[in-house]
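First comes the structure, then the notes that go with it.
So that the names make sense, note that chain A is the first sequence line, chain B the second, and so on, each numbered from 1.
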Amino acid sequence: MSETRPVPVPPPSAEEISTACDYCVVGCSYRVWRWKVGAGDTAPRPNAAVPWANPAQHNIVQWQGEPHHVLVLADPRAKAVNPRGNHSMRGGTLAQKCYNPENKTRERLTTPLLRVKGELQPVSWETALDIMVTVSKHVLKNHGEHAWGVKAYSYQYFENTYAITKLALDAIGTPAFAPHDKCANSNDAAGLDDAGLEAFAPAYEDWGACDVLFMSGTDPFETKTTLFTSWIMRGETPDKTLIFATPHRSMGVAWAEKRGGLWLPVIPGTDTLLHNAIARVIVERGWQDQAFIERWVAKRWEVDQGYGRGTRNTPWQWRTTWGTWQSDWEDFRQFLLSRDEHRLEQAARITGVSAALIEQAAELLARPRADGSRPKASFMLEKGNYWSNNYMNSASFAALGLVCGAGNRKGQVIGRGGGHQRGMISSPGNPDWLSPEKHPGRRKKPLNLDRWLMDGQLRFAWVFGTTWIGAMAASDELERHIARLTRDSPHQPQQATVEAASAALIARADAGGMVLVDSDIYPVEPLGTRYADIVLPAATWGEADFTRCNGERRLRLYARFCDAPGLAQPDWWAVQAFARRMGFGDKFAWRNGSDVFAEAARHSRGTPYDYFELVEQARREKVAGHEYLRRLGGDGIQTPVWRQGETIAGTVRLHDPLTRQGEPGAFRNKLLNAFNTHSGKAVLLKTPWNFPGWSEFYAAVQPRTDKQELWITNGRINEVWQSGFDDLRKPYTAARGLPQMLFMNPEDARKRGIESGDRVRVSNDTVYVQTGMPLGVAEAEMNFDALLAAGHVRVTQGSFEAVAVLDPGMRPGVAKAGFNGRGSHANAVSHAVPDPMTNNYRYKLGRGRVERLEAAAEKADLTAPSLKPRGLA
Amino acid sequence: MHVHDEPACQSRRDFLLGGGKLVMLAAAAGITDAVWAQRAGHPPLALARLSDLKPGEPYYFDYPQAGDLNMLVKLGVAAGGGIGPQSDVVAFSTRCPHLGGKLRGTLQAEVQVLGPCPRHLTTFDLSRHGVVITGHATASLPQVVLELDGDRIRAVGMQGLVYPEGGRHV
């Protein structure tokens, strides 16, 4: 099963291009060797300067119209991020991502497409754009900006996200905007924000320098792979103790357990109780970092007044929850000690984590040593934590970390591990005040784009680089509505002319249907292949100069090294081409990507991704921003960037009072030295388990024993990136991967007559979908029971199929699927009822019956992918 | 278009892989292009006797060259490329194709797994041609092609490219 064409060796004349990986948050540094195909095109002897490469790391691409060899290898000279060229299977196969029509990348979109009589056919950019503009102008004039929406990735490079948000939020001014992973333009781990913690404050060296690391809702081995293998397994403290709170003992967890770490097999949804129970043990024994709390935790009067982030200005604190969350040390201590469910026995019963483990965790995190010194504890969370009890899990996690003295020192940090890289610079002018949703009180909520669509309010949607359907809760129900509003409309273009197609699509919008445009690099099933009216081909990594930050805010140029296929263009180009035809030419006049980069810099100011001073330095040196960044190579620079004399400097971590910054009189970014609150101190937040905005929903979504249901959660799988859009076209990753897996506890499987390699169907006949307009007025209206009683929760069904993999590392009662399986949507069984505090979906809390269908082809085929469990340490 | 059988191609330490016979393995579900595996013949090397093998016990040997350490094992379950009456005798390189980590001593015979690699924890399924179970190698673990001559097991070739000796330490 190894693809083993011999790999040509670059001659000494080969060009070297520095770049970084297109995939996960880690953003490993990569180096491309490129040389022309032709006579004498390889070195007669191995080139000592080039690491050994296997065929997955070689390809032949077009560059300036001529075939060129490329080797794409993790940079052996890297010192930051992936020292000495460590990598995962994902980045390790980047060469196979490159367009080469000899292989399956020939499936790349190369021309705009228009659906005529139900079938997609090629059209010119002019035709596609003119239809989009004609329809858009009509929709905006006759149905308003609310009816025109965008669903876009939030990570695929600053140039693109800035252009997209400038169009949607500023030029068009619509509140109908949502990123790839949320139903609304909200904040992920809102509890972290409210505590004053920036999600990506830590540097990778911090994760490497702690004595004990608590990871909630993630095994970084699975998707922050090099962060785990280079920094967490190693780093300054290679003997660090690891504690994982997750229902799945995957490889990182299993490895850590063998070395004295802990696996806390938490039942989905109960993390808040786990955090509070651990914190209670710490406080009962006096192990909290009192000196840190005295200095860095906001006192009562510091919480409750002033501008910036305090109670008054917290986006989601509203009249009826006033006083529910905010706290100071004394109040928080009382909260931990006084509540019954925080007692060890109660917490153990509800969370599924034994009392012994809870106590051990507390001891490892906070017990001072004999000499009085404290272990350096750090805290990492990810989606298993916050795509669950969204607000409370992240808030209680932050509180636990603060009690242990983490948040603003080397090796003592709190933050997200990350999924994607940080590639969003949002244009200003966000018309979120136009959202029709609001909390009880006066605060607005960001608009839930999925509900807006399902309720028939969206007449035009432009989608950028996301599958949408499989990534959202209640996927099957969402798909039914998308199909109804697009493919099933009687109004379909019958001719590929601007006049005829526009007329048909306008008639559809006026009749209550929706016009769908999908920009992507490959045909997206089913959004692009079945439902989109217009499909636009995008240029991707390697085909244009792009920029973004990785998970430790390291800004780099992702350099162009090959030609984009056919007529594919960067998304910022398509946005500009559309915008100019719409009459927004004064706002969209970029000559190239570097112009976009330079303009977006202004709106990065004051954020963790502030690179304004880099662009200013480039201007002083009379070079384009992209060129200046190109010179910084794979190390790039960590944002925020600040001016230091005649040059610039980066920032290792945020919130650290020891970080020097700036010159007298220069713009001071408070984030560098203080927490992101008006007082500069962190806020402890209470998280009462019986808060009805959570407890009513949680009671309703429990797996039902009479239906033999299990919790159906979902997560990332190391060797698969997102929907597998590249993996399916790379020979090795395609051959060794299954399209969708369901990891099951062996006893749960046995009871259902299921073996590894059996094809199974997972189904939930009661998938809740919230409907209508949440205009909260009275106290309990936004909670589940009241919504259901008022007819604002519809009951639907959802199901998906997978190949079962029996895994003793799966805690009983819980099964886990790949979160974005191609054509197999784990989210079909999760509920589209957002957390009322934040308007975020709770994807990880699906449930379902699991029934055996038949043996999959892979069960007996020894050349097929492996069916072994993942945590065989 | 590059022609692959020129001597200038980088091959594993100058072995003649360019002219090796190509063997087609099963196309993965949904993938229309078959994945070609290059099987290279090498001078045969006599290994152990089948009747001497104890299930689950590794037998190490160098092949094709000194320093290329491989592991032979009788798994007790049928395996891809396995020889013997139960098709359960297999042999694989012990150098991790990720970054050259040493897999010697990591056999988990009861689950037919080699690994986790001590460097970065990749595991390989010995019953399925050394495919990566979970981890970072961008190719399967190279498999030794075995033949049975009466009771004598012989190595006669390699399937897949072996990570060169002295793989970078990361």
Heavy-atom closest pair (Y732(A) atom, V132(B) atom, distance to 0.1 Å) is OH-N, 3.3 Å

Residues S866(A) and I133(B): closest non-hydrogen pair is OG-CG1, 3.5 Å

Would a 4.5 Å heavy-atom cut-off, applied to side chains only, mark H98(B) and M89(A) as touching? no

Among Q108(B), Q143(B), Q112(B), the residue with the most heavy-atom pairs under 4.5 Å to chain A is Q108(B)

**Prompt:** Is there a donor-acceptor pair closer than 3.5 Å between any side-chain N or O of K868(A) and the backbone N or O of V111(B)?
**Reply:** yes

d(N54(A) CG, L161(B) CG) to nearest 0.5 Å is 7.0 Å

Smallest heavy-atom separation, H129(B) atom then L862(A) atom, equals CD2-O, 3.5 Å

Whatever's closer than 4.5 Å to a heavy atom in chain A on T138(B) counts as both

Is H136(B) reaching over with its side chain to a backbone N or O of R90(A), donor-acceptor style, under 3.5 angstrom?
no

Honestly, the part of V113(B) sitting under 4.5 Å from a heavy atom of chain A is side chain

Turns out that what part of T225(A) lies under 4.5 Å from chain B's heavy atoms comes down to side chain

One option among S127(B), G80(B), G135(B), G130(B) has the most heavy-atom pairs under 4.5 Å with chain A, and it is G135(B)

More than 12 foreign heavy atoms under 6.0 Å from NZ of K859(A): is that the case here? yes

Check: Is there a donor-acceptor pair closer than 3.5 Å between any side-chain N or O of Y163(B) and the backbone N or O of W52(A)?
Finding: no

With side chain to side chain contact (heavy atoms under 4.5 Å, CB included) as the criterion, how do L121(B) and M233(A) come out once you've worked through the C-alpha distance, each side chain's angles and the decisive distance to 0.1 Å?
CA-CA 10 Å; L121(B) 309 181; M233(A) 281 176 77; 3.8 Å; yes

Heavy-atom nearest pair, L872(A) first then T123(B), reads O-CG2, 3.8 Å

Exercise for review: Could you tell me whether a side-chain N or O of R128(B) sits under 3.5 Å from a main-chain N or O of D861(A), the two making a donor and an acceptor?
Suggested key: yes

Note to self: Using only atom types and a distance under 3.5 Å, with no angle test, would you say the side chain of R736(A) pairs donor to acceptor with the backbone of S140(B)?
What the structure shows: no

Q: Report the C-alpha distance between R234(A) and H120(B) in whole Å, list the side-chain angles of each, state the deciding distance to 0.1 Å, and finish with yes or no for side chain to side chain contact (heavy atoms under 4.5 Å, CB included).
A: CA-CA 10 Å; R234(A) 292 168 169 84; H120(B) 312 101; 3.8 Å; yes

